[in-house]
Amino acid sequence: MAKATASVTGGASASNERQTDLSKLRLLLALDALLRENSVSRAASSVGLQPSAMSRLLGQLREDYADPLFLRTGHGLRPTPLAESLRLRVRALAAETEALLDARSAGSASAPTRTGHAGWGGQALTDAPPLAVRPSRLLEGGAGTGTGRRKAGRNRGRCRP
């Protein structure tokens, strides 16, 4: 019975950790919106939140970073040096998150999916299949490819003074 309780407790802990990680990701996406828009209301609008929710996320960010992150000016918010130092990293994270979510929802409609050698199925980035599914005789320069002799001949010619 103790083992069952421990495993349930461990599962709940792992679930809480994932939830915490997701909430941290949400905070970073909110920070990206704030850095782009320099306004709580415009940032909230850009991510589909109410301004009060974005203000609450900004409060959590300020608490987590122990920094005001933004200063109010007559023209909106101005990032502090700490927020400015995070700008590129947060933007890269947000862009990658958006790209991953867009790829999932679009179903990779932009590029055709082909099934080639050895059942390789994926986006057609090149005409050749990955090295892992190419016949080994092509990789090793075995009989019938002629690559072994030509390479040796070329290398000998280059080594001469």
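Between A94 and D32 the shortest heavy-atom distance is CB-OD2, 3.4 Å. Residue R62 comes nearest to L69 through the heavy atom pair N-CD1, 3.9 Å, listed as atom of the first residue, atom of the second, then distance. Taking both residues in full, the closest heavy atoms of N38 and P79 are given as OD1-CD, 4.1 Å, listed atom of the first, atom of the second, then distance. Shortest non-hydrogen contact noted between F70 and T80 is N-CG2, 3.8 Å. The two atoms that bring L82 and Y65 nearest to each other are CD2-CB, 4.0 Å, heavy atoms only. Contact detail for R78 and T73: the closest heavy-atom pair is CB-CG2, 3.8 Å.
Note: L49 CG to S55 OG = 11.5 Å, rounded to the nearest 0.5 Å. Separation of atoms NZ (K24) and CG (L61) is listed at 12.0 Å; rounding is to 0.5 Å. Between R42 atom CZ and L34 atom CG the span is 10.5 Å, to the nearest 0.5 Å. Distance check: D67 CG to L86 CG gives 9.0 Å after rounding to the nearest 0.5 Å. Note that OG of S41 is 11.0 Å distant from CD of Q50, once rounded to the nearest 0.5 Å. Taking CZ of R72 as the start and OG of S39 as the end, the distance is 9.5 Å to the nearest 0.5 Å.
The pair E63-R56 does not meet the salt-bridge criterion, since no charged nitrogen lies less than 4.0 angstrom from a carboxylate oxygen.
At distances below 3.5 Å, not a single donor-acceptor pair connects side-chain atoms of R36 with backbone N or O atoms of A43.
Every residue two or more places apart in sequence or in another chain that forms a side chain to side chain contact (heavy atoms under 4.5 Å, CB included) with L93 is listed here: L25, L28, T97.
Surrounding CZ of R91 are more than 12 heavy atoms belonging to other residues, nucleotides or ligands, all under 6.0 Å away.
Taking 4.5 Å as the limit, some side-chain heavy atom of L77 sits within range of a side-chain heavy atom of V40.
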Inset, instruction - Go through the steps for L31 and R87 under the test side-chain contact (heavy atoms from CB on, under 4.5 Å), then give the verdict. - result: CA-CA 9 Å; L31 178 58; R87 181 186 296 270; over 6 Å; no
